[in-house]
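Let me begin by presenting the structure, written as structure tokens, before commenting on it.
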Amino acid sequence: MPEGRDAERHEPVVLSVVIPMFNEEDVLPALVTRLRPVLTELGVPHEVVAVDDGSGDRTAELLDAFRLGWPELRVVALRRNSGHQAALTAGLDRARGAYVVSLDADLQDPPEKIPDMLALARAEGLDIVYGVRADRSSDSGFKRLTAGVYYRLMRRLAGPSVPAQAGDFRLLSRAAVEALKALPDQQRVYRLLVPWLGFPSGQVTYERAPRTAGRTKYPLGRMIRLAVDSVTGFSAAPLRIATWLGAGAFVVCLGLLVYTLTAFALGRTVPGWTSLFTGIVFIGAVQLVCVGLLGEYVGRIYTAVQNRPTYFVHHDTAATTVPAPGPAPVPAPGSAQGPASGPPPSPVDTLAEQDKVG
């Protein structure tokens, strides 16, 4: 395919589908087989923004191969693995559609629901349409339990605007995307940020399917990290929990003081060793919990002060290429005007432009 082919299409993009990818070589063929017919039948100008989040397998190679026969496929390659939410940010920052759908590559969220999302947004003038999982029977019992606890906690902290059982499968209008891009948050959790915007929203329900191929990119460790980022990034409630733990520890200490004085008055000071040991351990545990919570918030402040970009783009296949310079114009006889002065753009400048941070 000629270089810069994507940039040659001047028709406005109605729908962008952003897909973060990390080591998805096993599921890519099935994803393309299901997604491409859905978008073709929509009959609107569209693009698929595949964000390669520093994959170490054949994901980049397969994406280049699929682009040969699918001009709407656009690849944004990051220089290193930056995480799912950062890759999603890179896709949202560069998507050009009037509507943008975010979709995971594992096909647990069905691409066949995208037309329903677009139709609902257009019919009711909605800026956000959530894909809500009405049936999670394909997930393990532990996964359903932890997901239920997570969404109940988020609704308690961030308010009832957070839809239950809604992940990162959603449709956003251009206005909602621009509002998200204007936020200064470094460690973004879109499951909380998007409802916080307050735009008119609707829901499309579906049954969550098993992962088509490959391994999950959200093991237990990343699930815990997501929960910590969600809580500390969107609420100061943990600091209040630390305050209440301190108050509770103070009350317990008063009770132990009364018990100790009573035991001393009755001449039974030796048996008080158990309560003393328990009190010391309890106070130490509360202090460590409080210091840990404070450390989480101080760490986020440190990250915000550094203001480092959350991702770096290696290349974007939709970037406009600079045409090759033609022969220098020959000045007319007697004219004082010579050829245009100034050196041509260097490869370093071109690479710097491609490496522009989203």
Side-chain angles (χ1 to χ4, degrees), residues 15 17-39 42 48 50-51 53 83-85 87-88 91-92 99-121 126 128-156 158 160-172 188-195 201-227 229-230:
L15 179 66
V17 180
V18 175
I19 311 176
M21 296 183 179
F22 178 64
N23 293 341
E24 299 289 1
E25 63 174 353
D26 294 330
V27 77
L28 256 179
L31 173 65
V32 173
T33 301
R34 286 181 57 181
L35 178 61
R36 187 173 183 181
V38 170
L39 299 180
L42 271 176
V48 177
V51 183
D53 189 19
H84 180 268
Q85 298 296 296
L88 184 55
L92 293 176
Y99 294 93
V100 181
V101 172
S102 56
L103 174 71
D104 288 341
D106 56 15
L107 291 176
Q108 288 190 282
D109 303 327
E112 291 80 8
K113 287 293 181 178
I114 293 178
D116 297 340
M117 289 179 160
L118 183 59
L120 180 61
L126 303 177
I128 304 170
V129 178
Y130 299 101
V132 177
R133 302 152 184 170
D135 183 2
R136 301 189 64 149
S137 58
S138 61
D139 291 336
S140 64
F142 177 76
K143 178 72 173 180
R144 293 195 298 270
L145 175 63
T146 55
V149 172
Y150 172 81
Y151 285 111
R152 282 195 295 271
L153 177 61
M154 292 305 103
R155 289 170 68 88
R156 187 68 180 267
S161 60
V162 178
Q165 305 302 327
D168 288 316
F169 182 37
R170 67 178 72 86
L171 178 142
L172 302 171
R188 299 190 172 194
V189 180
Y190 286 101
R191 302 182 189 196
L192 300 181
L193 282 178
V194 173
S201 63
Q203 297 182 359
V204 170
T205 59
Y206 64 95
E207 295 183 4
R208 185 171 171 84
R211 184 179 176 88
T212 301
R215 295 183 301 174
T216 178
K217 304 306 183 294
Y218 266 95
L220 180 60
R222 288 200 175 186
M223 290 170 57
I224 294 175
R225 184 70 255 175
L226 176 66
D229 287 342
S230 300

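Along the sequence shown, residues carry numbers from 1.
Just one of Leu88, Asp109, Val17, Leu172 meets the side chain to side chain contact (heavy atoms under 4.5 Å, CB included) condition when paired with Ser102; it is Leu88.
Checked against side-chain contact (heavy atoms from CB on, under 4.5 Å), Ala50 has the following partners two or more places apart in sequence or in another chain: Met21, Leu63, Leu73. Considering only residues two or more places apart in sequence or on other chains, Phe169 meets the ring pair (Phe, Tyr, Trp, His ring centres under 6.0 Å) condition with Tyr206. Scored by the side-chain contact (heavy atoms from CB on, under 4.5 Å) test, Pro115 finds Val38, Leu42 as partners (sequence neighbours excluded).
Separation of atoms CZ (Arg191) and CZ (Arg170) is listed at 8.0 Å; rounding is to 0.5 Å. The distance from the CG atom of Leu107 to the CD atom of Glu112 is 8.0 Å, given to the nearest 0.5 Å. In this structure, the separation between CE on Met117 and CG on Leu126 is 11.5 Å, given to the nearest 0.5 Å.
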> Do Gln85 and Asp168 pass the side-chain contact (heavy atoms from CB on, under 4.5 Å) test, and can you show the C-alpha distance, the side-chain angles, and the key distance before you say yes or no?
Replying inline: CA-CA 9 Å; Gln85 298 296 296; Asp168 288 316; 3.2 Å; yes

> Yes or no on side-chain contact (heavy atoms from CB on, under 4.5 Å) for Ile19 and Leu31, after CA distance, side-chain angles and deciding distance?
Replying inline: CA-CA 10 Å; Ile19 311 176; Leu31 173 65; 4.1 Å; yes

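Gln108 and Arg208 share a donor-acceptor pair across their side chains, judged by distance under 3.5 Å alone.
Counting only heavy atoms from C-beta outward, the side chains of Ile114 and Leu35 approach each other to under 4.5 Å. For the pair Leu120/Leu171, no side-chain contact is recorded, criterion being any heavy-atom separation below 4.5 Å from C-beta on. Counting only heavy atoms from C-beta outward, the side chains of Phe22 and His84 never approach each other to under 4.5 Å.
Contact detail for Pro195 and Leu192: the closest heavy-atom pair is CD-O, 3.3 Å.
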